[in-house]
Amino acid sequence: MTLIVTAKPLAVVAVVGVTALALAGCVAKADVAASDALTVTSTDTSCDVSTGTATSGTLTFQVANDSSQVSEFYLLADDGLRIVGEVENIAPGASRTLTVVAQPGEYFTLCKPGMVGEGVGRAGFTVSGEAVAATGDDAEQKQQAVDLYAAFVKDQVEQLVPAVDEFVAAYESGDDETARTQFPQVRAFYERIEPVAESLGDLDPRIDYREVDAVAEGLDWTGFHRIEKDLWVPEKDALNADGETPAWQDWAPSTDAERAAFGDQLIADVAELNDYVHSTDFQAALDAQGVAGISNGAIALLDEVATGKITGEEDWWSGTDLWDFAANVEGSKMAFSLVEDFAVATGDEGATLAQQIDEGYDALEESLATHGSLTDGFVAYGELTDADKRELTDLLNALAEPLSQLTSTVLQ
């Protein structure tokens with residue numbers, strides 16, 4: 001069995017679970033005196049928090065940026081995957097305040113100088129005490145969910161930017177072995193938030209179209225999959241993902257100049273995506289869609305798995321489809337976790353639906369785990385048996401059915 005293995009662990013994935021973690025402003029809470037605030041000092045290499053423990057309820061972090069760059073501060077959940085709260089755009093020499101309501105449990109703190117990459121100074125943070133009862137205005141809770149989804153998307157793109165820079169540098173220099181190792185790692189950041197890019201006209205086609213799709217629509221073929229074919233050069237008699245077109249028809253391995261052009265284009269397109277998710281237009285678009293947009297995003301990401309990854313057609317040359325599969329599922333589950341409580345709040349039917357969706361994610365993730373992980377690598381798609389593919393397909397379909405009812409339920 002061949003494992004496609006990472007060179008290093010993936011950086012933190014920001015996923016939010018509101019079932020276990022109450023959203024700021026949406027629970028019973030007491031005022032916090034200034035003297036009770038936790039202090040955070042962000043530098044270029046560290047993220048120092050005044051204490052690693054606190055009591056459940058409203059927590060206030062006063063974040064001072066002593067770095068040379070604009071910085072961010074995050075409070076992450078116990079799995080290191082979910083964002084509980086974040087404050088961004090802290091200018092050098094400036095201070096900002098983050099207020100969250102934290103339930104008892106284990107967390108992590110993290111700063112991100114430069115607002116790109118995986119951050120610095122990741123440290124454990126323990127909250128003790130009693131669970132905090134949920135109260136508050138429904139509209140306020142839903143806006144908190146939208147804001148945390150925005151934070152998740154920005155965090156993923158901020159990590160995508162330097163990962164793409166490093167990947168492109170290897171590709172353009174001809175270090176194909178390194179680029180092949182990095183390819184599925186870099187794509188994971190994109191795959192978790194793909195519906196956002198898909199909403200931006202031709203940006204997703206430039207970044208992520210397969211050859212057969214670009215040709216069918218008469219578009220220039222660029223992006224990840226154009227580079228992928230250079231890194232995994234097909235045999236002369238191979239066929240494209242449509243099973244009909246010869247792999248070498250109207251294609252040849254890129255010259256050094258063409259590699260530079262394709263690599264630079266990918267960097268520019270990802271930079272455009274980063275600019276967008278940090279713009280007021282992005283926040284306005286999320287606000288307009290509300291929780292329905294988050295719910296529909298969860299559904300759309302599962303559709304991505306069903307239409308490409310489960311068939312092995314997405315990463316046709318590299319065989320790294322299970323990486324994309326897992327990242328799509330992670331992004332979908334994160335979006336669901338943000339609206340799960342709203343489904344439960346509608347009554348017994350909503351609670352039953354949420355339980356079915358939770359169980360569906362668990363079963364699908366358990367099956368995926370038998371083939372590897374995003375941290376340690378997955379088997380190549382071609383090594384899956386027909387029985388493996390049937391099992392994943394059945395579990396995917398079993399999850400898709402209740403998930404398709406989610407949006408109408410949370411809008412009740």
Is it true that [Y] and [X] share a donor-acceptor pair across their side chains at a distance under 3.5 Å?
X	Y	answer
Q355	E359	yes
T407	N296	yes
E391	S367	yes
Q265	D269	yes
D230	Y171	yes
Q62	T97	no
D155	Q159	yes

### Query
Of all residues at least two apart in sequence or in a different chain, which pass the ring pair (Phe, Tyr, Trp, His ring centres under 6.0 Å) check with W251?
W248
Spell out, as yes or no, whether a donor-acceptor pair under 3.5 Å connects the side chain of [X] to the backbone of [Y].
X	Y	result
W232	W316	no
D242	T245	yes
S46	D48	no
D321	D315	yes
S373	A369	no

Nearest 0.5 angstrom please: [X] [atom1] to [Y] [atom2], how far?
X	Y	atom1	atom2	answer
R390	T385	CZ	OG1	7.5 Å
E314	T320	CD	OG1	8.5 Å
Q156	E330	CD	CD	8.5 Å
E304	S332	CD	OG	11.0 Å
L353	E401	CG	CD	8.5 Å
S42	F73	OG	CZ	9.5 Å

Which ring-ring contact (aromatic ring centres under 6.0 Å, His included) pairs, counting each pair once, include a residue from [range], with sequence neighbours left out?
range	value
residues 386-412	none
residues 262-314	Y276-F282
residues 193-225	none

### Message
Apply side-chain hydrogen bond (donor to acceptor under 3.5 Å, both in side chains) to residues Y190 and D204 and explain how you reach the verdict.
### Response
CA-CA 10 Å; Y190 185 81; D204 180 66; 2.4 Å; yes
Between [X] and [Y], what is the shortest heavy-atom contact and its length?
X	Y	answer
T109	V49	OG1-CG2, 3.6 Å
L59	A102	CD1-CB, 3.8 Å
L399	L364	CD2-CD2, 4.1 Å
K229	A247	NZ-O, 2.6 Å
A327	A188	CB-O, 3.6 Å
V233	P253	CG1-CG, 4.4 Å

Do [X] and [Y] come close enough that some side-chain heavy atom pair is under 4.5 Å?
X	Y	value
L302	F336	no
I299	D303	yes
N274	E158	yes
K389	Y381	yes
C47	V40	yes
P113	S71	yes
D264	E172	yes

### Task
Quick one: do E72 and K154 satisfy salt bridge (Lys or Arg N to Asp or Glu O under 4.0 Å)? Show the steps, please.
CA-CA 11 Å; E72 297 174 307; K154 286 185 281 189; over 6 Å; no
### Task
Tell me, please, which residues at least two apart from D213 pass side chain to side chain donor-acceptor pair (under 3.5 Å).
R210
#### Entry: side chain to side chain donor-acceptor pair (under 3.5 Å) against N328, all qualifying residues, sequence neighbours excluded
E191, K309
#### Entry: side-chain contact (heavy atoms from CB on, under 4.5 Å) between L322 and L384, intermediate numbers included
CA-CA 10 Å; L322 288 182; L384 296 182; 4.1 Å; yes
### Task
Assess whether side-chain contact (heavy atoms from CB on, under 4.5 Å) is satisfied between T222 and L266, documenting all intermediate values.
CA-CA 8 Å; T222 61; L266 181 59; over 6 Å; no
Please say whether more than 12 non-hydrogen atoms of neighbouring residues, nucleotides or ligands are located less than 6.0 Å from [atom1] in [X].
X	atom1	value
Q249	CD	yes
D220	CG	no
E217	CD	yes

### Electrostatic pair E228-R187, nearest N-O below 4.0 angstrom
no
### Query
Would D138 and K142 pass as an ion pair if we require N to O under 4.0 Å?
yes
### Query
So F378 and W323, would you call those rings parallel, tilted or perpendicular, with 30° and 60° as cut-offs?
perpendicular
### Task
Evaluate the criterion side-chain hydrogen bond (donor to acceptor under 3.5 Å, both in side chains) for residue pair N240 and E244; output intermediate values, then yes/no.
CA-CA 7 Å; N240 280 321; E244 300 176 359; over 6 Å; no
### Trace of the side-chain contact (heavy atoms from CB on, under 4.5 Å) decision for D147 with Q283
CA-CA 8 Å; D147 291 344; Q283 186 67 52; 3.3 Å; yes
#### Entry: Verdict with reasoning, V186 to V164, per side-chain contact (heavy atoms from CB on, under 4.5 Å)
CA-CA 6 Å; V186 175; V164 165; 3.6 Å; yes
### Query
Name the one of T409, V344, V291 that satisfies side chain to side chain contact (heavy atoms under 4.5 Å, CB included) with V339?
V291
